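Below is one structure, written out as C-alpha cells, with a few remarks after it.
In this text the structure is predicted, and so the values were computed from the model without any measurement.
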Amino acid sequence: MNTTPHLTEPEETPEELEALLAAATSAAADWGQRSPHDRADALSAVADALDTAGHDLIAEAMRETGLAEGRLTGELKRTTVQLRMFAEHLRDGSYLRIALDRQDPDFVLGARPDLRRWLIPLGPVLVYAASNFPFAFSVAGGDTASALAAGCPVLLKAHPGHPETSRKTAEVVNSALRTAGAPEGTFALLTGRQAGVTALRDSRIAAGAFTGSVAGGRALFDIASSRPNPIPFFGELGSINPAVVTSGAERERGEQIAAGFVGSFTLGAGQFCTKPGILLLPSGSELPKRIAELAQEVPPARMLTSSIAERYRERTAELAAAKGVEVLVRGTEHADPSGVPQVSPTVLHAGSVADLLTEPVLMEENFGPCAVIAEYDTDDDLREVISAVPGTLTVTAHLAGQPDDAERQQVTGLVALAASRSGRVLFDEWPTGVAVTPAQQHGGPYPATTAVSTTSVGTAAIERFLRPVTYQNAPEFLLPEALRESNPLGLPRSTHQPGASRNWAPPQ
C-alpha cells in the first residue's frame, strides 16, 4: 500500500497534540484493565454504530476517493466484521495465553515456584491510516480494532487523501466508545504530518502501526527504533507479489489465467498492496499477447490522489526505460472532473529471467495498474527470481489440475523457497483477495513489513500490541483476576500440576 506525500492537511497545535497524548495515557490504565468482555461489548458497539452511519460515510468516501459505491460498501462491511471478529476473540479469552505452573518442590530441575503468565497491553498506540482503504485500513480499520481489543488506546493519524471520511468515521467511533463506557482518550483522531512524527517520538506512545510507502514507513520505523526508549513499529511498506504459471497450467486454462491476472493487477487501479506485480511464464508462452489484448480493454480508473498518480507516472516511466523491456501496452492518463488523473493499464515484458535479474528496479512495487511479465526456461530460473525478490506479502503458483511428475517436482522445490520470501503462498488463485479470518497471515519479510513475525489481518493481529508478564509466588489478593486460582473471569488457561515434569528427566 502507499501513502500520499505532500498533500496539505491541517496540523494539530502543540497544545492540542499534548492534550491528545495526555488523554490517551490517562485512559491506558483504565481501558487496559477492563475485562475482555467489556472491551468486546465496546467493539461491537462501534461496529453497530458504523453500520448505522454507513450510508453517509460511504457517500463521503465516494466523493473524496472516487472509489465505487459497491467497493466501499464491501469495505465498510469488512471493517465492521473485523471489529466483531475481535470482539468474539476477546470473549473467547484464549488470546491471553494464560499459563499456570503451580509450585512443585519435586520439579526435575529443583524446586519450582508458583508461576503465572499472561499478556498485557503495551499502552497507547499510534496508528497511521492508509490511502487506499478509507475504512478497512483507516480510522476504524484492522490496526485500530486490534489495538483497542488488546486494551491499548489509539491515536489515529488520519490520511490526507480522505480527511472528511476520517473525521466523520472518528466521530462515530468516539461516540460509540463513549456510550459503551470507555474512558475519555481511548480513541482520538489527529491530523498533520508533523504531528504524526512528533507523536511517534513521544515517550508515552508504546507502539506504532503503519500502512504506506517504503520511504515513508522506513523513516517512521527509524524514528521508532532510535528513540531513547525504542518501541515496536509494525509497518506494511511494499510488496511485488510474484506469480508463477507452469506450462501445464497454461495448456489447461491459459485464457482463464490471462483474464484473472489482468483483473487482479488492475483491480482498484492497481492500488492494492497484494497486486501481483510480476508474472513468470514458461518460455515461448502465448499469454503475453493475450494479456496485452485484455489489458487494452480495461477502462481508465481514477487514482486515489494526484500525488499517488504522480509517483505512479514516474515509476512506470522508470520501469519502461529499463534495459530489455518491451512495452506491450502503454497506459493513458487524463484527469477526471475533480482533477485527479485516471489511468489505463500498462503491461511491460522484461524478456527472459536473465533480463529481469539484471534490472532490480523491475522487482520493486509500482503502486498502480502496471505489471511486468518475464519468461523462464528452467526450474533454476524460477528459483533465482524468487530468491531475488525482496520480502513480499505473497507468492502465487498456478498449477495443472493433475500435475505430472515433472511439474510436481518443479513446484515442490519452489514452495519452501516461496514461504521463505513471503507471508502467504497461494495456489490457483490471485492474491488481491485477502480473507479476514483467524488463519490469515498478512505480512512478510522486509520491505513487505518491518515485523516479519506479525500480521495486520486476522485475529493474530492483536498479538502485536500485547506483551507477556509473569507473577512469581504472588499472594492471591495481588494477582490480576485473570490469574487468580478462583478464575472469576472464567478465562481458558493451561496448567502444569506438581509432578508433571517427571517425563522431562534424562534417563538414569
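Glu64 is linked by a side chain to side chain donor-acceptor pair (under 3.5 Å) to Thr165, counting only residues two or more places apart in sequence or in another chain. Contacts of Ser344 classified as side-chain contact (heavy atoms from CB on, under 4.5 Å), with partners at least two apart in sequence or in another chain: Pro300, Thr332. Applying the ring pair (Phe, Tyr, Trp, His ring centres under 6.0 Å) criterion to Phe465, with sequence neighbours excluded, gives Phe234. Listed by chain and number, the residues in a side-chain contact (heavy atoms from CB on, under 4.5 Å) with Arg97 are Leu119, Glu463 (sequence neighbours excluded). Contacts of His89 classified as ring pair (Phe, Tyr, Trp, His ring centres under 6.0 Å), with partners at least two apart in sequence or in another chain: Tyr95. Among residues two or more places apart in sequence or in another chain, the side-chain contact (heavy atoms from CB on, under 4.5 Å) test is passed with Arg84 by Ala47, Asp48, Asp51, Thr80. Not counting sequence neighbours, the partners of Arg315 by the side chain to side chain donor-acceptor pair (under 3.5 Å) test are Glu318. Annotation: ring pair (Phe, Tyr, Trp, His ring centres under 6.0 Å) contacts of Trp430 (sequence neighbours excluded): Phe261, His398. Qualifying side chain to side chain donor-acceptor pair (under 3.5 Å) partners for Arg78, counting only residues two or more places apart in sequence or in other chains: Gln82. Residues meeting the salt bridge (Lys or Arg N to Asp or Glu O under 4.0 Å) test with Glu310, sequence neighbours left out: none. With sequence neighbours excluded, the residues satisfying side-chain contact (heavy atoms from CB on, under 4.5 Å) with Ala188 are Leu20, Leu155. With sequence neighbours excluded, the residues satisfying side chain to side chain donor-acceptor pair (under 3.5 Å) with Arg71 are Glu75.
Atom CZ of Arg91 is surrounded by more than 12 heavy atoms from other residues, nucleotides or ligands within 6.0 Å. By the 6.0 Å contact criterion, CD on Glu88 is open, its count of non-hydrogen atoms from other residues, nucleotides or ligands being 12 or less. Within 6.0 Å of CD in Glu16 there are more than 12 heavy atoms belonging to other residues, nucleotides or ligands.
Nearest approach of Gln441 to Val452, heavy atoms of both residues: NE2-O, 4.4 Å. Taking all atoms of both residues into account, the shortest heavy-atom contact from Pro369 to Ala269 is CD-O, 2.9 Å.
The six-membered or imidazole ring of Phe133 lies near that of Phe272, with a centre-to-centre distance under 6.0 Å.
Distance check: Gln342 CD to Glu333 CD gives 10.0 Å after rounding to the nearest 0.5 Å.
In this structure, the side chain of Glu11 engages the main chain of Arg193 through a donor-acceptor pair within 3.5 Å.
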